[in-house]
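All residue numbers in this chain count up from 1 along the given sequence.
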Amino acid sequence: REDDKLIAESILVVFFALVLDFAVGDPRNKFHPTAWIGSLIAKLAPHTKHSSENLEKLGGIFIILISSGIVVSLLIFLNIGIKLITIDYMYIIISIIVGGILLKTTIAIKGMERHALAVVTALEQNNISSARDNLSMIVKRNTKNLDKNHVFSGVLESISENTVDGITGPLFYFAIFGLPGAFVYRVINTADSMIGYKTDIFKNVGWFGANCDKILNYIPSRLTGFIMILSAMILGNNWRKSYEIMIRDGRKTKSPNAGYPMAAIAGALGAKFEKIDHYSLGDGNISFTKDHVKSAISIMKVTSILFCGIVVIPILLLLSSLGWWIHA
């Protein structure tokens, strides 16, 4: 059956993307589609500035629609191009390879590990200034005055959040909508990180992207939190505490979604994550070592694999059985 071929192709694309990410990591920015998406958003954003709040909000909607439209169109043209120059099984093989490479660019497991360990290395060298600079690349908060333990806390929180934004979120929407779903998710997530800040400059322009991001992450963040608890059990962390803290503290963050994976990891590590004047998650001490970061990275990796097995593949199989046309 044609549907069986498509489902097998989609599963192989997911498998290839994960293997590629674990083995190679991210390409340089000039070759990275997410960097191109960021450049496109940066070019569009200045054109949305206006004295009218409503027109600025409308401009923010157009940023998402134009960026998403361009990305989806390119994916459709690429798929048509592959079909035109290949036949039968050659088309399937090339689709899996190209699809796996493209899906890989929407996820960042090894990239997150590399960024996190760069901060830890700086801390081990007692170079707090370099650690703060490296941390500023992966968090939205001001890092200039953070002490060592709050830098560690920022790294651990970033690993937790990135497990959704940079791994399970794109995979979840790939399972439902194929590559266009993963890439539209990446457009919205990138827009939120760039213009979703509630500042005078971006509060109107970034309104639509920020709210889309909240809606899209609602289910993946909660599923990820629960799978992190299972990962903690497999890895020998405190999974009971992970569950307890996630249920208790998952709603404490300003974001309706970020708290769930963060609280799950805080509980698993027996730690407390604290963003000064914003939130405190967990019951432990704010005293961290490299081992805490390594444990969080392990939870992120195991969660990525389990999420594919527990969520992504079952969704693909379910939608296929219902006759949903799925294609990588």
Please give me the minimum heavy-atom distance between [X] and [Y], naming the atom from each residue.
X	Y	answer
L123	A131	CD2-CB, 3.6 Å
V311	F172	CG1-CD1, 3.9 Å
L269	S295	CD2-CB, 3.5 Å
Y279	K252	CB-O, 4.0 Å
A266	G282	CB-CA, 4.5 Å
A116	I159	CB-CD1, 3.9 Å

Treating [X] as the side-chain partner and [Y] as the backbone partner, does any N or O pair qualify as donor plus acceptor under 3.5 Å?
X	Y	value
S130	N127	no
H47	L44	no
S242	A264	yes
D21	D26	no
N238	K241	yes
N142	K144	yes

Side chain to side chain, [X] and [Y], heavy atoms closer than 4.5 Å:
X	Y	answer
R132	I128	yes
M300	I297	yes
L171	L103	yes
T168	I107	no
Y243	F226	yes
F174	T106	no
N162	I138	no
T253	L281	yes

Around atom [atom1] of [X], are there more than 12 heavy atoms from other residues, nucleotides or ligands closer than 6.0 Å?
X	atom1	value
E53	CD	no
F62	CZ	no
R251	CZ	no
K294	NZ	no
I87	CD1	no

Does the pair K203/E56 count as a salt bridge with the N-to-O cut at 4.0 Å?
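Salt bridge absent between K203 and E56.
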With a 4.0 Å cut-off on N to O distance, would you call R248 and D283 a salt bridge?
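D283 and R248: salt-bridged.
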Can you find a side-chain donor-acceptor pair between [X] and [Y] that sits under 3.5 Å?
X	Y	value
E157	S153	yes
T224	T163	no
N79	Y91	yes
N257	R222	yes

Under the criterion side-chain contact (heavy atoms from CB on, under 4.5 Å), I'd like the reasoning laid out for F273 against S160: C-alpha separation, chi angles, the key distance, then a yes or no.
CA-CA 11 Å; F273 296 165; S160 310; 4.0 Å; yes
Would you say L306 and I109 are hydrophobically clustered, going by side-chain heavy atoms of ILVMFWY under 4.5 Å?
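Result: yes, single cluster for both.
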If hydrophobic clusters are built from ILVMFWY residues whose side chains come within less than 4.5 Å, do V19 and L179 share one?
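In one cluster with V19: L179, no.
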Single hit among L230, I315, I305 for side-chain contact (heavy atoms from CB on, under 4.5 Å) with I310
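Option passing the side-chain contact (heavy atoms from CB on, under 4.5 Å) with I310: L230.
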Do the ring planes of Y173 and Y185 sit parallel (below 30°), tilted (30 to 60°) or perpendicular (above 60°)?
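Ring orientation of Y173 relative to Y185: parallel.
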